[in-house]
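Atoms considered below: every heavy atom in the structure, side chains included; atoms not considered: hydrogens, waters and symmetry mates. In this text the structure is predicted, and so the values were computed from the model without any measurement.
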Amino acid sequence: MFMGGPLHRGMSVHLGPVNEPTRRFRVATGARIFASPTVGPDGTVYLGSLDRTLLAVAPDGTLRWRYTAPDKF
């Protein structure tokens, strides 16, 4: 449920990561990323930015493809 329950307190009963997370890669976009990225079954990360660009990034951080829409999507 949104924000972790019907009272929307943003808390979860689950514990966080045991170890400190590490950055695996960084992707530069032409504008801010507005929504959470989506991870496909093969590990590809799909993300869109406010410059009308949709990106597919491989699990190792290499760019698979980039599409720039003719108008905001």
Side-chain angles (χ1 to χ4, degrees):
M1 179 174 278
F2 178 71
M3 293 291 292
L7 297 178
H8 308 299
R9 293 183 178 157
M11 300 174 72
S12 173
V13 297
H14 303 286
L15 298 176
V18 176
N19 299 318
E20 182 73 22
T22 58
R23 182 181 313 183
R24 293 180 60 190
F25 57 83
R26 180 183 294 206
V27 176
T29 62
R32 182 169 72 92
I33 296 172
F34 185 70
S36 299
T38 300
V39 181
D42 64 350
T44 300
V45 179
Y46 300 93
L47 56 105
S49 66
L50 290 178
D51 64 350
R52 305 179 331 265
T53 301
L54 182 64
L55 303 156
V57 182
D60 66 358
T62 58
L63 182 66
R64 289 204 168 158
W65 52 261
R66 175 188 307 255
Y67 171 75
T68 300
D71 199 359
K72 290 185 177 180
F73 54 93

Check for me, please, whether Y67 and V27 land in the same ILVMFWY cluster - side-chain distances under 4.5 Å, paths through other members count. no
Which atom names give the shortest non-hydrogen contact between [X] and [Y], and what distance separates them?
X	Y	value
F25	V57	CE1-CG1, 3.7 Å
S49	A31	CB-O, 3.6 Å
A58	R64	CB-NE, 3.4 Å

Does the side chain of L55 reach to within under 4.5 Å of the side chain of L63, using non-hydrogen atoms?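 Sidechains of L63 and L55: in contact.
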Taking the side chain as every heavy atom from C-beta outward, state whether R24 and V45 have any atom pair closer than 4.5 Å.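 Sidechains of V45 and R24: no contact.
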Nearest-0.5 Å distance that lies between atom CG in L47 and atom CG in L54: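 Rounded to the nearest 0.5 Å, the CG-CG separation comes to 7.5 Å.
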